[in-house]
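First comes the structure, then the notes that go with it.
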Amino acid sequence: MATFSTSSTRPYHIIIFGASGFTGQFVVEEVARTASEGPKGSLKWAVAGRNRTKLEKVVEQAAGALSKPELKSEVDILVADVNDLDSLAAMCKQAVIVLSCVGPYRFFGESVVKSCVESGTHCIDISGEPQFLESTQLNYHDQAAEKGVYIVGSCGFDSIPADMGVIYTRDQFKGTLTAVESFLTASAGPEGGCIHDGTWQSAIYGLADSNKLRSLRKKFGHKPLPVVGAKIKRRGTLFYSNELQQYAIPFMGSDPSVVKRTQRYLTEELNESPVQYGAYAGVGGIFSVFKLLFAGLMFYLLVKFSFGRNLLIKFPEFFSFGFFSKAGPTRKQMEGSSFRFVFLGEGYTEGTDPSEGKPNGKIRTLVKGPEAGYVATPIAMVQAALTMLNESDSLPKTGGVYTPGATFAKTTLIDRLNKHGIQFSVL
């Protein structure tokens with residue numbers, strides 16, 4: 001069975017793979033910042049990737065940013081490449097947990113998962129790509145369960161705030177929660193903000209392949225989850241949200257897919273009552289709506305053809321009105337940015353029979369945090385790893401491919417996130 005302890009042959013609690021990538025560099029800083037929270041107050045960790053020089057630079061950068069010059073001599077550097085399976089296996093065998101930061105995951109993620117399962121190594125990623133996440137579950141869940149390995153996807157901003165937010169809302173509701181809607185807004189400071197184009201590329205390939213996702217889902221052979229209480233009403237493609245006081249659209253990311261998989265696990269494995277979920281995002285005023293409609297139409301038309309996809313990939317700033325860029329945000333932009341998820345839940349209060357009448361109770365909760373992509377994501381990923389290392393007895397009974405909610409529902413992950421700036425509260 002896979003272990004949660006280091007040994008002479010497995011010297012590292014954590015190896016960050018893809019550490020020199022845009023997100024990976026911030027994961028390195030977050031691990032360095034929180035190393036004292038490892039088992040018995042210490043954490044043995046290393047960085048890994050294709051290029052030793054780039055990895056050295058990232059460690060040096062973290063040492064400067066955190067005023068920890070000792071990192072340069074303490075942090076080991078391992079060379080491994082997704083296209084060299086032997087180097088990947090050699091890396092995975094040395095870690096208790098691999099933090100996989102190699103997006104787009106549809107191209108680079110599977111070989112890491114496969115190598116981790118074969119090496120008896122747990123794996124956490126920050127993918128927001130439903131096709132990758134669900135195909136990983138379909139293809140590797142049984143093997144991972146057999147080995148006692150935990151493969152946990154979407155442990156960044158996609159989708160820990162949403163998935164754990166629904167669980168938090170359910171746990172705070174006195175009675176049986178039956179449905180939750182989430183409303184996401186993101187704010188930028190005076191410097192503005194943007195997202196690195198790795199996420200843009202994932203969206204391009206994801207939309208181009210949306211038919212494959214539908215056929216993939218049929219392979220699971222799932223029965224529909226039971227509906228408790230009133231069936232949740234889906235809102236329109238574009239609507240004015242009184243909750244946000246601005247226009248909103250259905251959230252296009254992985255949150256609905258991840259939350260649904262969590263609810264299926266909680267219902268089928270733990271016999272808990274399923275919660276229906278709808279996810280929306282605020283887009284602002286009427287000018288923002290026109291910009292969004294224009295960009296959305298261009299994206300939708302171009303993504304269907306390979307020459308169109310090439311244009312989108314080549315000029316992310318132009319086609320996204322500066323929302324995505326090849327350079328990514330500056331540290332100043334990150335400092336000024338934040339996100340807010342408001343969750344509106346309804347259900348049956350204690351003593352009320354959920355099979356009779358309409359839901360008679362409501363709850364509002366909030367999950368808020370710093371800049372989503374490169375501050376909140378590393379915090380969420382690293383706290384997920386530390387929770388696994390420190391609370392392995394509270395994880396699902398067997399290994400497998402899981403969502404964050406399925407993995408961490410019975411742990412103190414939410415308390416840990418609260419202490420690190422991703423805050424959960426009842427409104």
Side-chain angles (χ1 to χ4, degrees), residues 126-130 133 154 156-166 168-169 179-189 192-197 199-200 202-204 206-207 210 232-260 275-300 303 316 319-324 329 333 336-345 364-377 380 404 422-424 427:
I126 44 177
S127 170
E129 303 166 45
L133 296 164
S154 54
F157 176 73
D158 295 319
S159 291
I160 277 184
D163 204 16
M164 298 308 293
V166 172
Y168 175 80
T169 306
V180 174
E181 290 182 312
S182 68
F183 295 86
L184 166 66
T185 49
S187 307
C194 67
I195 299 173
H196 186 255
D197 82 326
T199 305
W200 173 252
S202 298
I204 291 166
L207 192 60
S210 52
I232 197 168
K233 286 191 180 80
R234 298 290 165 202
R235 307 208 187 202
T237 311
L238 175 69
F239 61 96
Y240 187 79
S241 161
N242 292 320
E243 295 82 7
L244 297 178
Q245 295 288 299
Q246 58 178 272
Y247 285 95
I249 57 171
F251 183 65
M252 305 293 279
S254 57
D255 292 353
S257 138
V258 172
V259 169
K260 192 167 190 179
V275 177
Q276 302 170 74
Y277 179 60
Y280 303 97
V283 294
I286 199 76
F287 178 65
S288 300
V289 168
F290 282 122
K291 265 202 324 192
L292 179 81
L293 288 173
F294 181 73
L297 188 64
M298 291 286 286
F299 190 89
Y300 184 72
V303 85
F319 287 109
S320 69
F321 289 102
F323 196 67
F324 292 90
Q333 285 177 321
S337 300
S338 61
F339 75 87
R340 283 171 65 90
F341 264 108
V342 175
F343 294 84
L344 306 180
R364 283 168 64 95
T365 61
L366 173 68
V367 179
K368 66 176 184 176
E371 190 278 332
Y374 316 104
V375 183
T377 286
I422 299 175
Q423 291 166 330
F424 294 67
L427 292 173

Query raised in the report: Does I232 offer a backbone N or O that forms a donor-acceptor pair with the side chain of Q276 under 3.5 Å?
Result: yes
Query - Stepwise side chain to side chain contact (heavy atoms under 4.5 Å, CB included) test for V166 and F343 - result: CA-CA 8 Å; V166 172; F343 294 84; 4.1 Å; yes
Query raised in the report: Any donor-acceptor pair under 3.5 Å linking the side chain of T365 with the backbone of L427?
Result: no
Report task. Taking salt bridge (charged side-chain N to carboxylate O under 4.0 Å, His left out) as the test, write out the residues that go with R235, two or more places apart. Result -> E181, E243
Query raised in the report: Got a second to check how far Y277's OH is from F251's CZ, nearest 0.5 Å?
Result: 7.5 Å
Query raised in the report: Do the side chains of Y374 and P329 get nearer than 4.5 Å, heavy atoms only?
Result: yes
Requested in this report: Determine whether V367 and Y168 make a side-chain contact, defined as any pair of heavy atoms from C-beta on separated by less than 4.5 Å.
Outcome: no
Report summary line: Closest non-hydrogen contact found for I160 with P404 is CG1-CB, 3.7 Å
**Report entry** Close side-chain approach of P161 and F339, heavy atoms under 4.5 Å
**Finding:** yes
Requested in this report: Quick one: closest heavy-atom pair of G193 and A188, and the distance?
Outcome: N-CB, 3.9 Å
Query raised in the report: Do side-chain atoms of S241 reach the backbone of L244 as a donor and acceptor pair under 3.5 angstrom?
Result: yes
Report task. Using the six-membered ring wherever Trp is involved, compare the ring planes of F299 and W200 and label them parallel, tilted or perpendicular (cut-offs 30° and 60°). Result -> perpendicular
Query - Closest approach of G285 to Y247 (non-hydrogen atoms, all atoms of both residues) - result: C-CD1, 4.1 Å
Report summary line: Output for pair (K291 NZ, S320 OG), nearest 0.5 Å, gives 9.5 Å
Report task. Find the distance between CG (L238) and CG (L292) and round it off to the nearest 0.5 Å. Result -> 7.5 Å
Requested in this report: Decide yes or no for I249 and T237: does some side-chain heavy atom of the first lie under 4.5 Å from some side-chain heavy atom of the second?
Outcome: no
Requested in this report: Could you tell me if the ring centre of Y280 sits under 6.0 Å from that of F239?
Outcome: yes
**Report entry** Contact summary for F319 and M298, nearest pair of heavy atoms
**Finding:** CE2-CE, 3.6 Å
Query raised in the report: Should R364 and V342 count as side-chain neighbours, where that means a heavy-atom distance under 4.5 Å?
Result: yes
Report task. For the residue pair V258 and L133, establish whether any side-chain heavy-atom pair is separated by less than 4.5 Å. Result -> yes
Query - Partners meeting salt bridge (charged side-chain N to carboxylate O under 4.0 Å, His left out) with D197 (sequence neighbours left out) - result: K326
Query - Nearest atoms (heavy-atom pairs only) where A376 meets A372 - result: CB-O, 3.6 Å
Query - Check: T185 and Q246 side chains under 4.5 Å, non-hydrogen atoms - result: yes
Query raised in the report: How far does CZ of F157 sit from CG of L184, to the nearest 0.5 angstrom?
Result: 4.5 Å
Query raised in the report: Does OH in Y240 sit with more than 12 non-hydrogen atoms of other residues, nucleotides or ligands closer than 6.0 Å?
Result: yes
Query raised in the report: How long is the gap from CG on L293 to OG on S288, to the nearest 0.5 Å?
Result: 11.0 Å
Query raised in the report: Are a donor atom and an acceptor atom from the side chains of S254 and S154 found within less than 3.5 Å of each other?
Result: no
Report task. Answer whether the closest heavy-atom distance between the side chains of S338 and E371 falls below 4.5 Å. Result -> no
**Report entry** Distance in Å, D158 CG paired with D255 CG, rounded so as to fall on 0.5 Å steps
**Finding:** 5.5 Å
